[in-house]
Amino acid sequence: QVQLAESGGGLVQAGGSLRLSCSASGRTFSSTVMGWFRQAPGKERDFVAGVRWSDGGTYYADSVKGRFTISRDNARNTVFLQMNSLKPEDTAVYFCATRAGAVISTMDRQYVDWGQGTRVTVSS
């Protein structure tokens, strides 16, 4: 099992930036995918971005493409989500999650281990 801990959420004005971190521990990650999801109040949990641990390949939801960047630090077993040009509609609780294999799935049910989430609020 993998333990995940998110940090970096907070309150920011529209147009601002935040960087989320997801620290992972518990097993090796050479053949896994790390994903970021978000859940706004009253809505389903949506895929945001994912990174393949082995080669750094990435995939983004259309809603964040060009504004968010996902990256990884292999030495620290940490994944980052740099969020720029934030909009009020980005307000949500952000979760990181892992799944085995090489496919960056956008379906949350295919991810096994989840963090507790970190709240991001973007004011207009």
Side-chain angles (χ1 to χ4, degrees):
Q1 189 175 3
V2 177
Q3 291 78 47
L4 302 173
E6 303 95 337
S7 61
L11 173 64
V12 64
Q13 288 188 331
S17 298
L18 282 175
R19 189 173 85 151
L20 306 184
S21 300
C22 174
S23 178
S25 62
R27 63 172 167 81
T28 59
F29 306 98
S30 60
S31 60
T32 60
V33 165
M34 299 286 286
W36 282 99
F37 290 79
R38 66 186 180 186
Q39 188 166 23
K43 295 189 176 181
E44 295 183 349
R45 188 162 54 188
D46 292 328
F47 173 81
V48 175
V51 61
R52 189 164 38 245
W53 205 269
S54 58
D55 64 1
T58 59
Y59 186 74
Y60 296 91
D62 288 343
S63 59
V64 306
K65 205 172 294 183
R67 300 188 298 123
F68 291 10
T69 303
I70 188 171
S71 61
R72 80 212 192 288
D73 183 330
N74 289 25
R76 291 195 285 167
N77 286 344
T78 300
V79 173
F80 304 99
L81 185 68
Q82 178 66 43
M83 307 187 295
N84 299 328
S85 303
L86 282 161
K87 305 175 182 180
E89 51 263 45
D90 294 318
T91 295
V93 177
Y94 284 70
F95 301 88
C96 64
T98 68
R99 69 180 301 269
V103 175
I104 302 175
S105 174
T106 62
M107 293 185 287
D108 61 355
R109 64 179 180 270
Q110 293 193 353
Y111 288 75
V112 176
D113 300 297
W114 290 82
Q116 294 297 312
T118 185
R119 185 174 302 275
V120 172
T121 303
V122 184
S123 63
S124 57

message = I'd like to know whether Arg38 forms a salt bridge (charged side-chain N to carboxylate O under 4.0 Å, His left out) with Asp46, so could you lay out the CA-CA distance, the side-chain angles of the two residues, the decisive distance to 0.1 Å, and finally the verdict.
response = CA-CA 5 Å; Arg38 66 186 180 186; Asp46 292 328; 5.6 Å; no
message = Show, in sequence, the C-alpha distance, side-chain angles and deciding distance for Gln110 and Ser105, and conclude whether the side-chain hydrogen bond (donor to acceptor under 3.5 Å, both in side chains) test is met.
response = CA-CA 7 Å; Gln110 293 193 353; Ser105 174; 2.8 Å; yes
query = Passes side chain to side chain contact (heavy atoms under 4.5 Å, CB included), Val51 versus Val79? Steps please.
reply = CA-CA 8 Å; Val51 61; Val79 173; 4.1 Å; yes
Step-by-step side chain to side chain contact (heavy atoms under 4.5 Å, CB included) determination, Val122 to Lys87 = CA-CA 6 Å; Val122 184; Lys87 305 175 182 180; 5.5 Å; no
request  = Mind running side chain to side chain contact (heavy atoms under 4.5 Å, CB included) on Val120 and Asp90 for me, showing each step along the way?
outcome  = CA-CA 8 Å; Val120 172; Asp90 294 318; 5.5 Å; no
task = Would you please test Leu4 and Thr98 for side chain to side chain contact (heavy atoms under 4.5 Å, CB included) and show each step?
result = CA-CA 9 Å; Leu4 302 173; Thr98 68; 3.9 Å; yes
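Annotation: Phe37 is in aromatic contact with Trp114 [ring centroid separation under 6.0 Å].
The two residues Leu81 and Ala49 make their nearest non-hydrogen contact at CD1-CB, 4.1 Å. Closest heavy-atom contact between Leu18 and Val12: CD1-CG1, 4.0 Å. Across every non-hydrogen atom of Ala102 and Arg52, the tightest pair is O-NH1, 2.8 Å. Across Met34 and Cys22, no two heavy atoms sit closer than the pair CE-SG, 3.9 Å. For the residue pair Ser124 and Ala14, the shortest heavy atom distance occurs at CA-CB, 4.4 Å.
The backbone N or O of Val103 lies less than 3.5 Å from a partner atom in the side chain of Arg99, making a donor-acceptor pair. With Tyr60 contributing its side chain and Ile70 its backbone, the two residues share a donor-acceptor pair below 3.5 Å. Arg119 places no side-chain N or O within donor-acceptor distance of the main-chain N or O of Val93, the cut-off being under 3.5 Å. The backbone N or O of Gly9 lies less than 3.5 Å from a partner atom in the side chain of Thr118, making a donor-acceptor pair.
No hydrogens or angles considered: nothing links the side chains of Asp73 and Thr78 as a donor-acceptor pair under 3.5 Å.
Atom CD of Gln13 is separated from atom OG1 of Thr121 by 13.0 Å, given to the nearest 0.5 angstrom. Here the straight-line distance linking atom CG of Asp108 with atom CZ of Arg45 works out to 4.5 Å at 0.5 Å rounding. Taken from OG in Ser25 to CD in Gln3, the straight-line distance is 4.5 Å, to the nearest 0.5 Å. Between the CZ atom in Phe68 and the OH atom in Tyr94 there is a gap of 4.0 Å [rounded to 0.5 Å]. Note that the CG atom of Leu11 and the OG atom of Ser123 stand 5.0 Å from one another [nearest 0.5 Å]. Of the inter-residue distances, the one linking Thr32 atom OG1 with Tyr111 atom OH reads 10.0 Å to the nearest 0.5 angstrom.
Between Glu6 and Trp36, some side-chain heavy-atom pair lies under the 4.5 Å cut-off. Side chains of Arg19 and Ser71 form no contact here, defined as non-hydrogen atoms less than 4.5 Å apart. A 4.5 Å side-chain heavy-atom check between Tyr59 and Phe47 finds at least one atom pair inside the cut-off.
In summary, of the residues considered (Gln82, Arg76, Met83), a side chain to side chain contact (heavy atoms under 4.5 Å, CB included) with Phe80 occurs for Arg76 alone.
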